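Starting from 1, each residue takes its place in the sequence as its number. The structure displayed is predicted, hence computed values, not measured ones. All values below come from the heavy atoms of this structure, side chains included, with hydrogens, waters and symmetry mates left out.
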Amino acid sequence: MTTLKGAQGVVNGSERLLDAPGISIDRMPMLHVVLDRFAAQCSEALRPLCAPPAYFSVDSVLARRVGDVLDAHENNAAIGVFHAQAWDARILIGLDHAFLFTLAEALFGGDGGEPPYAEARKLSSLELRLAQKILELFGRGLQSAFAAVNDAALKLERVETRLDFAAIAPRNAFGVVARVRLRVLGRHGEMFVLIPQAALNSVRQQLGRSLSEETAVRDPAWTRQIEEEIGRAEVEVRGLIEERHFTLADIAELKVGGILRLKATAGTRIRLECNCEPLFWCDLGQDEGFYTLRVDESVSREQQLIDEAISR
């Protein structure tokens, strides 16, 4: 590996390469836009889940070695490894322990009256499940933020606490790390997003566009037509009376004419879903020989997240 000496001391050749035209952070103005949108998406994703407002802000965007970023969070983070197949690269989103402890308190009804939890320990199984759910939400937020630049699906492959298993590039390779701060209940936590240089190489031309190039004059007639067409779109929904989980042995024992007994009663509420996403709780009824569903209330995503975390 080559090094260059000058008035500023020793400069690593890879650092010079990262600062070269087209790769320098300053030459990727859309990257800052994407990360700001990501922070806004995180705030929006948590809005229906916790009563106190959660604010996210981008603290810094820097070029760093992958190994240095991981070492800085040793034994203090849950890291989601996301695969971007279109870029043939992986991206990391890390949540430090203060972030998870603060968020868990906000999600489970805390008011910030207790002193912040600061004990150095491994994350519990409940906290790891919570981390996975939050990382899935934030992964969709990052994918949505990048959609304006490059439409690439991000899939959460795994959640790691041992940073050796979270390596997505050689430790001396460079990447861009964005540090995002969470503020809720008067407390702070930190999240980081690490994008390796290999991923940036796939989209650096799109990230190099200026904001002025993204500005377009809106056509009111076209906007109105789009809204009307979307409003007329057909959406398929289904009412789910009860879910039952079977083992392979249960399926093998099924016989023709067998009866599967449901625990549901006439008073059981029906969950209305669209594309596997719960929408409303409904009451079952009957009208002119047809079954009917009367919408009672919206599904609480906060309660659903808590129930899923506790039930596992």
Side-chain touch Phe146/Phe38, heavy atoms, less than 4.5 angstrom: no

Arg232, CZ atom: more than 12 neighbouring heavy atoms under 6.0 Å: yes

Minimum heavy-atom distance between Ala89 and Ala199, given as atom pair plus value: CB-CB, 3.7 Å

Residue pair Asp296, Cys282: steps toward the side chain to side chain contact (heavy atoms under 4.5 Å, CB included) verdict: CA-CA 5 Å; Asp296 184 24; Cys282 305; 5.9 Å; no

Test item: Ile93 and Met191 side chains (from C-beta on) under 4.5 Å apart, heavy atoms: yes

Same apolar cluster (I L V M F W Y, side chains within < 4.5 Å links), Phe290/Leu240: no

Side-chain heavy atoms of Leu46 within contact of Val184, under 4.5 Å: no

In one Ile/Leu/Val/Met/Phe/Trp/Tyr side-chain cluster, 4.5 Å: Leu100, Phe108: yes

Under 3.5 Å donor-acceptor, Arg179 side chain and Phe192 backbone: no

Side chain to side chain contact (heavy atoms under 4.5 Å, CB included) assessment of Asp68 paired with Val177: CA-CA 10 Å; Asp68 293 342; Val177 58; over 6 Å; no

Minimum heavy-atom distance Arg271-Pro278, with the two atoms named: CD-CB, 3.7 Å

Shortest non-hydrogen separation from Arg64 to Leu62 and the atoms involved: NH2-CD1, 3.5 Å

Least distance between heavy atoms, Ala104 atom then Leu130 atom: CB-CD2, 3.7 Å

Nearest atoms (heavy-atom pairs only) where Ser144 meets Gln41: OG-NE2, 3.2 Å

Minimal non-hydrogen separation, Ala173 against Ala169, with atom names: CB-CB, 4.1 Å

Heavy atoms from other residues, nucleotides or ligands near CG of Leu248 exceed 12 (cutoff 6.0 Å): no

Thr247: partners by side-chain hydrogen bond (donor to acceptor under 3.5 Å, both in side chains), with sequence neighbours left out: Asp250

Interatomic spacing from OG in Ser43 to CZ in Phe56 - rounded to 0.5 Å: 5.5 Å

Close side-chain approach of Arg129 and Leu126, heavy atoms under 4.5 Å: yes

Arg171 vs Asp71 side-chain heavy atoms within contact, under 4.5 Å: yes

Side chain to side chain contact (heavy atoms under 4.5 Å, CB included) between Glu105 and Leu185, intermediate numbers included: CA-CA 9 Å; Glu105 184 173 355; Leu185 297 176; 4.1 Å; yes

Spatial distance of atom OG1 (Thr268) from atom CG (Leu284) [nearest 0.5 Å]: 9.0 Å

Side chain to side chain contact (heavy atoms under 4.5 Å, CB included) between Val237 and Phe280, intermediate numbers included: CA-CA 11 Å; Val237 297; Phe280 301 100; over 6 Å; no

Phe99 backbone acceptor or donor facing Asp96 side chain under 3.5 Å: yes

Among Leu200, Val193, Leu194, the one residue meeting side chain to side chain contact (heavy atoms under 4.5 Å, CB included) with Val176: Leu200

Tyr55 atom OH, over 12 foreign heavy atoms within 6.0 Å: no

Rounded distance [0.5 Å steps], NZ in Lys122 versus NE2 in His97: 10.5 Å

Separation of Leu135 CG from Leu154 CG (nearest 0.5 Å): 12.0 Å

Anything under 3.5 Å between a donor and an acceptor, one on a side chain of residues 72-86, the other on a protein residue two or more places apart or in another chain? List them.
unit_1 : atom_1 : unit_2 : atom_2 : d
His73  : ND1    : Val69  : O      : 3.1

Transitive ILVMFWY side-chain link Leu279 to Leu49, under 4.5 Å: no

Within one Ile-Leu-Val-Met-Phe-Trp-Tyr cluster: Val299 and Leu293, side-chain cutoff 4.5 Å: no

Approximate separation, where rounding is to 0.5 Å, of Leu35 CG and Arg37 CZ: 11.0 Å

ILVMFWY network linking Val235 to Leu272, side-chain heavy atoms under 4.5 angstrom: yes

Distance (rounded to the nearest 0.5 Å) between Arg162 CZ and Leu70 CG: 13.5 Å

Heavy-atom side-chain contact between Leu182 and Leu95 under 4.5 Å: no

Side-chain heavy-atom pair His188, Thr102 within 4.5 angstrom cut-off: no

Sub-4.5 Å side-chain heavy-atom contact between Ile91 and Ile168: no

